[in-house]
Amino acid sequence: MLARASQLFLPTLRDAPADAEAVSHKLLVRGGFIRQLSAGVWTFLPLGWRVHQKIVQIIREEMDAIGGQEMLMPVLTPAELWEQTGRSDIPEIFHLEDRTGRRFVLPMTHEETITFHAKEIQSYRQLPQILYHFAVKNRDEPRPRGGLLRVREFIMKDAYSFDRDDEGLDISFRKHAGAYDRIFERCGLEVQPVQAESGMMGGKESIDYLAPSGSGENTLVTCEHGDYAADLEVAHGIPRPPEFPAQLAAPAEIHTPDVTTIDALAAFLGVDTAATSKAMPVVTSDGTVVLGLVRGDDRLEEAKLAAALGSAVRPATVDEIRAAFGADPGSLGPIGFAGPVVADESLREGQFVAGANTTGWHLRGVEAGRDFAPRFADIRESKDGDACPNCGGRLRFQTAIEVGHIFKFGSRYSEPLDATFVDEDGQEKLLIGGSYGIGPGRIMAALVEQRHDENGIVWPAAVAPYHAHIVGLAGGEEIAAGTASELAAYGFDVLLDDRVGRAGEKFADADLLGCPVRVTVGKKSVEDNAVDVRSRAADEDTRIPITDVVTWMEEH
RNA sequence: CGGGGUGUAGCUCAGCCUGGUUAGAGCGCCCGUUUUGGGGGCGGGAGGCCGUCGGUUCGAAUCCGACCACCCCGACCA
């Protein structure tokens, strides 16, 4: 395949858009791969679409290899289907109506639709099934950001499995995990699978695929010894032990006027911040005020507390705090609070300083179990300095992009939609499902984040828009065109820069676009029948006879 | 939704505070020229509802108000 730059719609930019922060955002826009239409809404220009399609093809091949069947489900979806599963109230759903007022949604995933169709499965003989499609997803994200990193419309490959039972689901799940490993490997993307937050909606086992990146929305926590990896929201780092002061037989009140922060408290009392406790009152969805208690040097991880409580939580307001504790924030503690207390595991042993629930007063020597009866759970946010829960090694924290997510949903959708089959024993049973998502656009962005230099993108060959970028300089036009045709005839995707222009700008564009191999043909080539080749990752040309270019390409 | 910021040429930005010729620069684009291998030089040219609406004023890119859009931080993210 041969493309001529002189005819391509390839608007490259010398300057990055002023409002771009993420490297992938800057380089993909500068390189003419993508353009913004509106907040979180992007067009893939011809070059960007080529990369996207190459990623899509890799995903397709690996899905087919595990027995997946490609299909296509619509974007326009009747709202009733979503009302039956209780998902139509999710704030990210786009709603619309037709001219008669019939309501539709633009789906963020296709569980409802696929389960609707899966109702045609009648017998265990038709199971298992793996069905997938590449389709546009819409999500009314409150805050899109970072180019392709977080968008309101994108193409996702979503696959769905249906099985007779949990054992079957487990097999389908492992098949997908294997396929995902191969997909990322073939794309040349470094990815870490992690145990993910299962989410509010029926998730059991789930794996998130996090690509370490200069920008991103997730934080990947890994052990320096490679035996632990988790998303920050569920990571279970081991905090350093506190330096405890002398033990007390009972809590002792101390007047702490105008001391409302942990640092001020620790300084005032001359104790380790880790030997204090921090009270974080939250409100659950049914309006209960719950006290989350973590060590003074820790932060509350709300996602963990929500998981422990089985309810979404929000921070309590000052008025709610005064009503429930009879004191101002800064002096709150577990003793004397009538509501439920969830204490972090790190507070199980030892005596801590806590608020006295009287404004301006604290208690020393407060001991869980003896002085108050909390429920214990891991609710602290892991942080730098924590030790690995497996080997005690140091934990690393990296920003990352979530490029894929697979999970088991069991009968979460088959039950409300009444999708059943008749099993071998003659009994009608619910289909057991799993869903498996992967975002080609995010893979593309993550690749740029991981593989670039100061001059532009360095695409892995498997997903590069073209294998070779032929730079035709003045005097070498004819030979450049001939070389390009020859490479194309051998099956390479070739971009021929046949524009009228100077060498410098052509080289700069070639670096920016990041094709794996560059071939420079100038007027010297007319005399010596040789060209300069270099791989994008290298910074030196090699001069080789034109007749050797195909061989060189095959070796690089 | 809370906080902060920005809207002037295709892109990056001056000008606004202190209102007043025809609104500027660099890059890009078009024409010409230059022996043209890392965004070169010279000459000429095209390109603007100064985000929108309203107000103040003899006069508004500039001052005031509302709205819209976009970006960043946070909340949110089955």
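So that the names make sense, note that chain A is the first sequence line, chain B the second, and so on, each numbered from 1.
Among the nucleotides B:C70, B:U12, B:C76, the one closest to any side-chain atom of A:Ala39 is B:C70. Among the nucleotides B:C77, B:G38, B:G39, the one closest to any side-chain atom of A:Asp511 is B:G38. Each of B:C70, B:G39, B:C77 was ranked by its minimum atom distance to the side chain of A:Ser38; first place goes to B:C70. Out of B:G40, B:C77, B:G38, the shortest distance to the side chain of A:Phe507 is found at B:G38. For A:Ala474, whose side chain is taken as the heavy atoms from C-beta onward, the closest listed nucleotide among B:C27, B:U36, B:U12 is B:U36. Checked against B:G37, B:C72, B:G38, the side chain of A:Arg518 finds its nearest nucleotide in B:G38. Each of B:A75, B:G39, B:C77 was ranked by its minimum atom distance to the side chain of A:Arg143; first place goes to B:A75. Of all nucleotides listed (B:U35, B:C71, B:C73), B:C71 comes nearest to the side chain of A:Gln36. Picking from B:C76, B:G26, B:G39 the nucleotide with the shortest atom distance to the side chain of A:Asp15 gives B:G26. Out of B:A75, B:G28, B:G38, the shortest distance to the side chain of A:Arg14 is found at B:G28.
Annotation: of the two residues near RNA chain B, A:Thr109 and A:Asp509, the 5′-most nearest-nucleotide partner is A:Asp509. Mapping A:Met156 and A:Ala16 onto RNA chain B via the closest heavy atom, the residue that lands nearer the 5' end is A:Ala16.
With a cut-off of 3.5 Å on both pairing distances, the Watson-Crick or G-U wobble partner of B:G43 is B:C31. Within the shown strands, nothing qualifies as a pairing partner of B:C77 under the Watson-Crick or G-U definition with both distances less than 3.5 Å. B:A69 and B:U6 make up a base pair, with Watson-Crick or G-U wobble contacts both under 3.5 Å. Remark: B:U56 base-pairs with no nucleotide in the shown strands. Criterion, Watson-Crick or G-U wobble with two distances under 3.5 Å. Base pairing annotation: B:C13 forms a Watson-Crick or G-U wobble pair with B:G24, both donor-acceptor distances under 3.5 Å.
Residue contacts shown for A:Leu13 are absent, as no nucleic acid heavy atom lies under 4.0 Å away. A:Arg534 comes within 4.0 angstrom of a nucleotide base, judged by non-hydrogen atoms across all strands. Counting any heavy atom pair closer than 4.0 Å across all strands shown, A:Arg35 reaches no nucleic acid atom. Residue-level contact check: A:Ala18 touches the backbone only, with heavy atoms under 4.0 Å from sugar-phosphate atoms and none from bases. Contact annotation for A:Glu112: no contact, since no heavy-atom pair falls under 4.0 Å across all strands. Looking at heavy-atom distances under 4.0 Å, A:Glu111 makes contact with a base. A:Gly146 comes within 4.0 angstrom of the backbone, heavy atoms only, and of no base.
The distance between the ring centers of A:Trp459 and A:Tyr466 does not fall below 6.0 angstrom. Between A:Tyr180 and A:Tyr209, the ring centre distance stays below 6.0 Å.
The separation of B:U22 from B:A60, taken at their P atoms, amounts to 13 Å, rounded to a whole angstrom. Taking atom P on both B:A61 and B:G55, the two are 15 Å apart, rounded to the nearest angstrom. Taking atom P in both B:G28 and B:G40, one finds a spacing of 6 Å when rounded to whole Å. Between the C1' atoms of B:U62 and B:G20, the separation comes to 11 Å (whole Å). Comparing B:A23 with B:G15, their C1' atoms sit 8 Å apart, to the nearest whole Å. Nucleotides B:C64 and B:C16 place their P atoms 14 Å apart, quoted to the nearest Å. Look at the P atom in both B:G3 and B:A9: the space between them is 30 Å, to the nearest Å. The gap from the C1' atom of B:A66 to that of B:U56 amounts to 15 Å, rounded to the nearest Å.
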Could you give me the CA-CA distance, side-chain angles and deciding distance for A:Ser24 and A:Glu449, then say whether side chain to side chain donor-acceptor pair (under 3.5 Å) is met?
CA-CA 5 Å; A:Ser24 57; A:Glu449 293 282 343; 2.8 Å; yes
Going through the checks in order, is the salt bridge (charged side-chain N to carboxylate O under 4.0 Å, His left out) test met by A:Glu112 and A:Arg87?
CA-CA 9 Å; A:Glu112 278 80 0; A:Arg87 292 214 301 170; 2.8 Å; yes
Should A:Thr12 and A:Asp509 be marked as a side chain to side chain donor-acceptor pair (under 3.5 Å) after you check the CA-CA gap, both sets of side-chain angles, and the distance that decides it?
CA-CA 7 Å; A:Thr12 57; A:Asp509 268 355; 3.2 Å; yes
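Atom CZ in A:Arg152 sits roughly 10 Å away from atom P in B:C71 (whole-Å rounding). Summarising the geometry, the separation between NE2 on A:His25 and P on B:C71 is reported as 8 Å, rounded to the nearest angstrom. In this structure, A:Glu505 atom CD and B:U36 atom C1' are separated by 11 Å, rounded to whole Å. If you measure from atom CD of A:Glu301 to atom P of B:C77, you get 12 Å, rounded to the nearest angstrom.
Under 3.5 Å, the side chain of A:Arg502 and the base of B:G40 form at least one donor-acceptor pair of N or O atoms.
In summary, of the residues considered (A:Phe154, A:Phe44, A:Phe134), a ring-ring contact (aromatic ring centres under 6.0 Å, His included) with A:His52 occurs for A:Phe44 alone.
Around NZ of A:Lys119, the count of heavy atoms belonging to other residues, nucleotides or ligands within 6.0 Å exceeds 12. Atom CZ of A:Arg4 sits in a sparse spot, with 12 or fewer heavy atoms from other residues, nucleotides or ligands closer than 6.0 Å.
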